[in-house]
Amino acid sequence: MSRDNGRADMKKIVVIAGATKGLGKELALSFSRSGYEVIGLYHADMATAERVRDEFAASQLRGDFLKLDIAKDGGWDEFNAIIDSKAGRHFTLFANASAPFAPKPFHTLDWSEISSLIDVNVKGTFALTQRLLPHMVKARAGRIVTILSEAVDDTPKGFSGYVIAKSALDGLTRCLAEEYSSRGIHVFSVSPGFMDTSLTKNWSEHLKAMIFADPSRVTSPAVVAERILRICEDPGTKGQGENYLLRGNSLNYFAGV
């Protein structure tokens, strides 16, 4: 979709889980600047959400940010009402939220640490997708984009819980693509390189120094967001469960398997 075609693009809505920080915030900015209406979801940090709202208002960007714990079974009424009020629009869902984690050896992990990552990455995506799919199926249009990580294929030591959750999210993505890509819904994943965001704040300084010392392993969230926008707007994007590897800071991208 051309960025100049603002009138048509305003009919498009992007729903972003984890939308007020890191990659989620950059996705919100990139897509809103391109004419999409943003529905941003965040878990708890209301002060950060207010700052993002102010930034949107100052730039005359269209969007709002809703406090919602996507890993919980309750509290969905406001979100459901918003989505239902926009029936007939073209929805794009970004499953971007992830619970914070501190890398550690597998033998020191407690299952609750893995479970919290699975709840946000997988259960949260499941819940959001089930609420948006009826509208997508009816319109025979829409996108479901899951955010994976290069760590799934190039796993550092200590990332067991994170990689288990992201691998399960990859499986969910492939299942959705198998069932719905033939019904006009584009489903795919993206795997960025390591990004210095709030997700890394609990990492040890030694680990961060090792990872971020290699520029080829580090990717800017703003660059990743712009590349994802290009993938979404590229008419050649298959949307059949493929994974796009976005390592490094070039604006180019390529398809993985």
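A quick note: this is a predicted structure, and the numbers were derived from the prediction, not measured.
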Novice: Between Gln60 (side chain) and Ala57 (backbone), is there a donor-acceptor pair under 3.5 Å?
Specialist: no
Novice: Flag yes if more than 12 heavy atoms outside Glu178 fall under 6.0 Å of its CD atom; otherwise flag no.
Specialist: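 Check fails, neighbour count at 12 or below.
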Novice: Can a donor-acceptor pair be found between the side chains of Thr146 and Thr173 at a distance below 3.5 Å?
Specialist: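 Yes, Thr173 and Thr146 have a side-chain donor paired with an acceptor closer than 3.5 Å.
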Novice: Kindly give the heavy-atom pair with the smallest separation between Phe65 and Ala19, and that separation in Å.
Specialist: CE2-O, 3.9 Å
Novice: Is there a side-chain contact between Phe188 and Cys232 in this structure, where contact means two heavy atoms from C-beta onward sitting under 4.5 Å apart?
Specialist: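 In contact.
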Novice: Please walk me through it: do Glu55 and Leu29 pass side chain to side chain contact (heavy atoms under 4.5 Å, CB included)?
Specialist: CA-CA 9 Å; Glu55 186 173 346; Leu29 289 169; 3.8 Å; yes
Novice: Any heavy-atom pair between the side chains of Leu176 and Ile185 that's under 4.5 Å?
Specialist: no
Novice: Between atom CD1 of Ile228 and atom CD1 of Ile147, what is the distance when rounded to the nearest 0.5 Å?
Specialist: 4.0 Å
Novice: Supply the atom-to-atom distance Asp153 CG to Asn243 CG, rounded to the nearest 0.5 angstrom.
Specialist: 7.0 Å
Novice: Are the side chain of Asn121 and the backbone of Leu117 linked by a donor-acceptor contact shorter than 3.5 Å?
Specialist: yes
Novice: So, the side chain of Lys12 versus the backbone of Tyr36: is there a donor-acceptor pair under 3.5 Å, distance only?
Specialist: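 Pair absent, no side-chain N/O of Lys12 close to backbone of Tyr36.
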Novice: Does Ala151 offer a backbone N or O that forms a donor-acceptor pair with the side chain of Ser149 under 3.5 Å?
Specialist: yes
Novice: Has Glu78 got more than 12 heavy atoms of other residues, nucleotides or ligands less than 6.0 Å from its CD?
Specialist: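 For Glu78, atom CD is not crowded (no more than 12 foreign heavy atoms under 6.0 Å).
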Novice: Could you tell me which non-hydrogen atom of Lys25 sits nearest to which non-hydrogen atom of Thr20, and how far apart they are?
Specialist: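 Looks like CB-C, 3.7 Å.
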Novice: Evaluate the side-chain proximity of Leu133 to Ile144: yes if any heavy-atom separation is below 4.5 Å, no if none is.
Specialist: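 They are in contact (side-chain heavy atoms under 4.5 Å apart), so the answer is yes.
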Novice: How close do Glu150 and Ser191 get, counting heavy atoms only, and between which atoms?
Specialist: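 Heavy-atom minimum between the residues: N-CB, 4.0 Å.
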Novice: Can you list the steps and then say if Ile114 with Trp111 is a side chain to side chain contact (heavy atoms under 4.5 Å, CB included)?
Specialist: CA-CA 5 Å; Ile114 300 176; Trp111 176 251; 3.5 Å; yes
Novice: Quick check: closest heavy atoms across Ile70 and Ala127, and the distance to 0.1 Å?
Specialist: O-CB, 4.2 Å
Novice: Stepwise, does the salt bridge (Lys or Arg N to Asp or Glu O under 4.0 Å) test hold for Arg174 with Asp170?
Specialist: CA-CA 6 Å; Arg174 293 172 186 270; Asp170 179 37; 3.2 Å; yes
Novice: Distance from Arg131 atom CZ to Trp76 atom CH2, nearest 0.5 Å?
Specialist: 4.5 Å
Novice: Just by distance, do the side chain of Asn96 and the backbone of Ile16 share a donor-acceptor pair under 3.5 Å?
Specialist: no
Novice: Ignoring hydrogens and angles, tell me if any N or O in the side chain of Thr129 forms a donor-acceptor pair with the backbone of Phe126 under 3.5 Å.
Specialist: no
Novice: Please assess Val145 against Ile231 for the test side chain to side chain contact (heavy atoms under 4.5 Å, CB included), listing each intermediate value before the final yes or no.
Specialist: CA-CA 10 Å; Val145 185; Ile231 294 169; over 6 Å; no
Novice: Any idea which heavy atoms bring Val190 and Pro192 closest together, and the distance?
Specialist: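 Here Val190 and Pro192 meet closest at O-CD, 3.5 Å.
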Novice: Going by heavy atoms in the side chains, are Ile118 and Lys123 under 4.5 Å from each other?
Specialist: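 Ile118 does not reach Lys123 side chain to side chain.
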Novice: Quick check: do Arg89 and His135 have side-chain heavy atoms less than 4.5 Å from each other?
Specialist: no
Novice: Measuring from Asp119:CG to Thr125:OG1, what's the distance to the nearest 0.5 Å?
Specialist: 11.0 Å
Novice: Between Glu113 and Asp110, what is the shortest heavy-atom contact and its length?
Specialist: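 Reported closest heavy-atom pair: OE1-N, 2.8 Å.
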Novice: Any chance you could measure Leu246, atom CG, to Glu226, atom CD, to the nearest 0.5 Å?
Specialist: 12.0 Å
Novice: Does any non-hydrogen side-chain atom of Met136 lie less than 4.5 Å from one of Tyr180?
Specialist: no
Novice: Report yes if some heavy atom in the side chain of Tyr162 is under 4.5 Å from a heavy atom in the side chain of Val152; otherwise report no.
Specialist: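 Not touching, per the 4.5 Å side-chain cut-off.
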Novice: For the pair Val14 and Arg143, evaluate side chain to side chain contact (heavy atoms under 4.5 Å, CB included) and give the outcome as yes or no after the intermediate values.
Specialist: CA-CA 9 Å; Val14 57; Arg143 301 187 193 100; over 6 Å; no
Novice: Any chance you could measure Ser181, atom OG, to Lys238, atom NZ, to the nearest 0.5 Å?
Specialist: 10.5 Å
Novice: Ser85 side chain to Ile82 main-chain N or O, any donor-acceptor pair under 3.5 Å?
Specialist: yes
Novice: Between Ser220 and Ala222 (side chain of the first, backbone of the second, donor and acceptor by atom type, cut-off under 3.5 Å), is there such a pair?
Specialist: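 The answer is yes, because a donor-acceptor pair under 3.5 Å joins these two groups.
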Novice: Less than 4.5 Å apart, any side-chain heavy atom of Lys86 and any of Ile39?
Specialist: yes
